[in-house]
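Everything below concerns the one structure shown next.
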Amino acid sequence: MDKLKERLDMFSDAVIAIIITIMVLELPIPSHNSINEYLQFGRGIGIYFISFFFVASMWYQHSVLFNDADEIDD
């Protein structure tokens, strides 16, 4: 059952990494040199950082929970 715990932990790490990558891909890239485009980009960056810290907090809580678990039952 120790392998199951390790596999589940690695799977959740991979899912969280994919979520963070998808969040980066959704950032709006400025296409013109206008202040409005750059404001939208700055707003997107801010939303990304808030979302990143939320996902990182969930990952940390999950990691602490799994470190405290000794075994996983079927």
Straight-line distance of [X] [atom1] to [Y] [atom2], nearest 0.5 Å:
X: Met23; Y: Phe49; atom1: CE; atom2: CZ; answer: 10.0 Å
X: Ile45; Y: Ile50; atom1: CD1; atom2: CD1; answer: 12.0 Å
X: Asn67; Y: Asp9; atom1: CG; atom2: CG; answer: 7.0 Å

Check your understanding: With hydrophobic residues grouped by side-chain heavy-atom distances under 4.5 Å, do Ile22 and Tyr48 end up in a single group?
Key -> no

**Study point:** hydrophobic_cluster_shared for Phe53 and Tyr60, side chain cutoff 4.5 Å
**Key:** yes

Return the minimal non-hydrogen interatomic distance between [X] and [Y], and the atom names on each side.
X: Pro28; Y: Gly44; value: CD-CA, 4.3 Å
X: His62; Y: Ser12; value: CE1-OG, 3.0 Å
X: Phe41; Y: Ile29; value: CD1-CA, 4.4 Å

Exercise for review: For a side-chain contact (heavy atoms from CB on, under 4.5 Å) with Trp59, tell me which candidate from Ile20, Ile16, Val15, Ile19 qualifies.
Suggested key: Ile16

Study note, to complete from the structure: Residues pairing under side chain to side chain donor-acceptor pair (under 3.5 Å) where one sits in residues 20-36, two or more places apart or in two chains, turn out to be Asn33-Tyr38

